[in-house]
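Read through the structure below, which is laid out as structure tokens, and then see the notes.
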There are 2 protein chains.
Amino acid sequence: MSKNSEKSALHETGSSPGSKNINPNSAERIRAIRKKRASEEDLTSQLLKGNKTALGRAITMVESNQPAHKEKAQALIEGALSHANKSIRIGITGVPGVGKSTFIESFGSYLIKQGKKVAVLAVDPTSSLSRGSILGDKTRMENLVREEHAFIRPSPSGESLGGVARKTRESIVLCEAAGFDVILIETVGVGQSETTVHSMTDFFLLLKLAGAGDELQGIKRGIIEMADAIVINKADGDNQKAAREAKLEFNRALQLYPSKESGWKPEVALSSALYNSGIAEVWEMISNFQKLVFKNGHFNANRHQQNKFWLLQTINEHLKNNFYQHPQIKEALAEQLEAIGNNKTTAFSAAIYLLNKYRELQKI
Amino acid sequence: MSKNSEKSALHETGSSPGSKNINPNSAERIRAIRKKRASEEDLTSQLLKGNKTALGRAITMVESNQPAHKEKAQALIEGALSHANKSIRIGITGVPGVGKSTFIESFGSYLIKQGKKVAVLAVDPTSSLSRGSILGDKTRMENLVREEHAFIRPSPSGESLGGVARKTRESIVLCEAAGFDVILIETVGVGQSETTVHSMTDFFLLLKLAGAGDELQGIKRGIIEMADAIVINKADGDNQKAAREAKLEFNRALQLYPSKESGWKPEVALSSALYNSGIAEVWEMISNFQKLVFKNGHFNANRHQQNKFWLLQTINEHLKNNFYQHPQIKEALAEQLEAIGNNKTTAFSAAIYLLNKYRELQKI
């Protein structure tokens with residue numbers, strides 16, 4: 001009996017000769033399962049048609065911590081996967097006040113005029129505390145939010161950056177399956193969040209302001225190293241001279257970094273999101289990047305590398321959680337720490353003891 | 001029957017009535033075990049008497065990757081533990097050319113004149129490639145190496161910084177058990193090696209040179225944050241003015257860092273290791289630090305914290321190695337990576353699949 005015919009047998013439950021043997025609760029459960037399956041299939045098909053409400057609901061599933069939702073979310077993602085991967089994913093970072101929202105508003109609106117569908121996501125590990133500090137205030141993007149071809153979603157909240165990252169990565173897949181071909185992922189430099197966004201995007205854009213000559217101070221070296229473009233924002237009015245100087249300075253600084261695996265030479269651009277200047281140039285730059293990395297194979301190689309990174313990252317996190325959250329290990333760990341404190345054992349011996357104990361516990 | 005009398009029974013094996021039941025190979029093995037135990041006990045007792053040859057041999061055991069040696073090493077360390085922990089552990093870092101060896105020679109000789117016993121160890125994760133770039137050339141410390149109360153040992157080699165770190169930490173315990181009361185641990189800023197040395201020492205000293213006004217360039221921010229002292233070396237001759245300026249500049253820079261858990265305010269000092277100037281002042285500074293952290297409890301709290309760090313670090317490394325080196329997991333991982341590449345699954349689903357598979361394999 002094939003799986004399908006089993007399914008159709010269930011379908012006919014009400015009139016089948018065996019129906020009397022099925023208690024009413026089971027029948028109800030079966031109907032509920034059927035309904036759930038139908039609604040999942042419906043949600044997936046709505047999503048693939050580009051329905052934004054369906055996309056929003058799907059992302060809510062991905063973000064939920066309820067086991068039932070997690071299962072649905074996995075089914076949704078699996079249905080979406082083969083339709084995804086056709087976008088460019090752009091990471092955007094910069095300190096608060098640099099004008100990220102205004103830039104995204106301006107850049108996103110421009111892309112929509114070019115016929116693109118633009119999704120804006122955020123990675124903000126602090127959002128569980130501050131309830132969505134990034135993109136929380138959608139009114140900051142008042143034009144973009146009204147566009148039919150724009151989808152804006154604040155950062156998922158999560159216990160850890162790892163949790164937030166996983167949810168955002170899965171949301172990217174859903175957005176792509178819904179036909180969004182430019183995915184903008186915004187982050188503010190909190191802890192490791194920039195590295196996290198860098199490891200889920202194709203192009204990484206650092207927004208800067210022209211300052212008083214000390215452009216390079218206070219920037220984490222690692223961020224510049226990751227950037228494919230530095231865009232000096234608010235290059236308007238009285239700021240223009242300082243912005244041009246900053247451009248020179250950043251160009252000089254970029255020379256000092258080793259060349260990128262992608263073969264791309266990072267560029268410095270000026271923009272005024274407020275006056276919509278420099279926006280087309282930024283997109284042209286990204287298009288040039290895209291041509292280069294499609295041609296030299298880096299685009300796919302990099303996405304593969306990123307997937308591998310996320311796979312290993314997820315495994316490592318789980319391996320640790322499984323160990324440290326095991327009740328008997330928790331207890332034994334406390335004992336070993338005490339023994340170390342009393343010079344009865346070393347950290348190394350204690351570790352080996354705990355690992356052996358854990359191995360035994362796994363066998364039960 | 002007590003353990004001891006069992007031992008003495010073995011001792012009489014040759015003439016015991018049951019001896020005919022023991023085959024010659026077993027008897028030989030028993031004799032070998034007895035000999036081994038005796039030699040271990042002997043090595044431990046020689047070590048505790050401060051015998052430098054025994055200390056050297058003990059460290060060789062710790063550094064060895066042979067299973068038999070590993071076992072001996074653990075026995076040695078366990079015998080040494082209760083005699084250790086009575087030293088001050090000082091980490092010393094600085095870029096090549098800053099004069100680390102000359103400083104240690106000068107500082108170490110001074111300490112010996114003060115009645116101290118000084119051990120010098122090194123953490124150099126590159127040493128397995130370059131065969132001991134740090135301290136490899138003992139002639140650089142030609143006076144110290146001849147002192148009866150000095151023990152100098154180059155960096156252990158190791159596949160990973162983790163391996164080098166474990167070996168060095170265990171060597172510290174052995175040195176302390178041998179009565180060395182000042183342990184100097186040298187490192188050069190390769191990768192994470194400074195963080196590693198910081199996490200195994202009580203006091204962290206950064207050696208610097210006076211430069212041409214750009215003192216703060218090229219220094220990793222994290223290193224300054226870790227330093228308890230910045231010692232500007234080669235503050236002699238024509239360098240004196242520049243050194244004093246550098247001192248001012250570093251003092252200003254240190255103000256910007258958050259205050260330390262230890263309650264210690266990092267200091268900047270000048271020294272000329274070549275002319276033996278400033279050396280006594282550095283030791284006085286460290287003695288003041290020691291008084292403070294003994295009094296406020298940070299000394300013990302910090303060592304406890306470090307032990308905990310190393311315990312967790314060791315566990316995490318092993319959890320990962322056990323997983324990734326499992327032959328069936330290796331195979332399944334490659335398959336999952338391919339499936340991800342073909343959009344058949346996500347990194348997250350693949351991770352969960354592999355973790356479940358691993359759990360099943362553990363039960364066998």
Checklist entry - Checking A/E170 against chain B: side chain, backbone, both or neither under 4.5 Å from a heavy atom? => result side chain
Item to check | Heavy-atom proximity to chain B below 4.5 Å, by part of A/Y358 | outcome: side chain
Minimum heavy-atom separation for [X] to [Y], with atom names?
X: B/K363; Y: A/Q362; result: CG-O, 3.5 Å
X: B/A351; Y: A/I315; result: CB-CG1, 3.8 Å
X: A/L312; Y: B/Y324; result: O-OH, 3.4 Å
X: B/G341; Y: A/H304; result: CA-ND1, 4.2 Å

Measuring only between side-chain heavy atoms, which start at C-beta, is [X] closer than 4.5 Å to [Y]?
X: B/N343; Y: A/H83; result: no
X: B/T346; Y: A/Q74; result: yes
X: A/L337; Y: B/N307; result: no
X: B/R169; Y: A/F348; result: no

Item to check | Residue, of B/L355, B/T314, B/N300, that accumulates the most heavy atom pairs under 4.5 Å with chain A | outcome: B/L355
[X] portion near chain A, given a 4.5 angstrom heavy-atom threshold:
X: B/N322; result: side chain
X: B/E317; result: neither
X: B/L354; result: side chain

Next on the checklist: The test is side chain to side chain contact (heavy atoms under 4.5 Å, CB included); show your working for A/L81 and B/K344 and say whether it passes.
Outcome noted: CA-CA 7 Å; A/L81 264 178; B/K344 296 262 183 280; over 6 Å; no
Item to check | Interatomic distance, A/Q336 atom CD to B/K308 atom NZ [nearest 0.5 angstrom] | outcome: 13.5 Å
Checklist entry - Once you round to the nearest 0.5 Å, how far does CG of B/N342 lie from OG of A/S82? => result 11.5 Å
Next on the checklist: Pair B/N316, A/L319 - check side chain to side chain contact (heavy atoms under 4.5 Å, CB included), show working.
Outcome noted: CA-CA 8 Å; B/N316 296 345; A/L319 287 175; over 6 Å; no
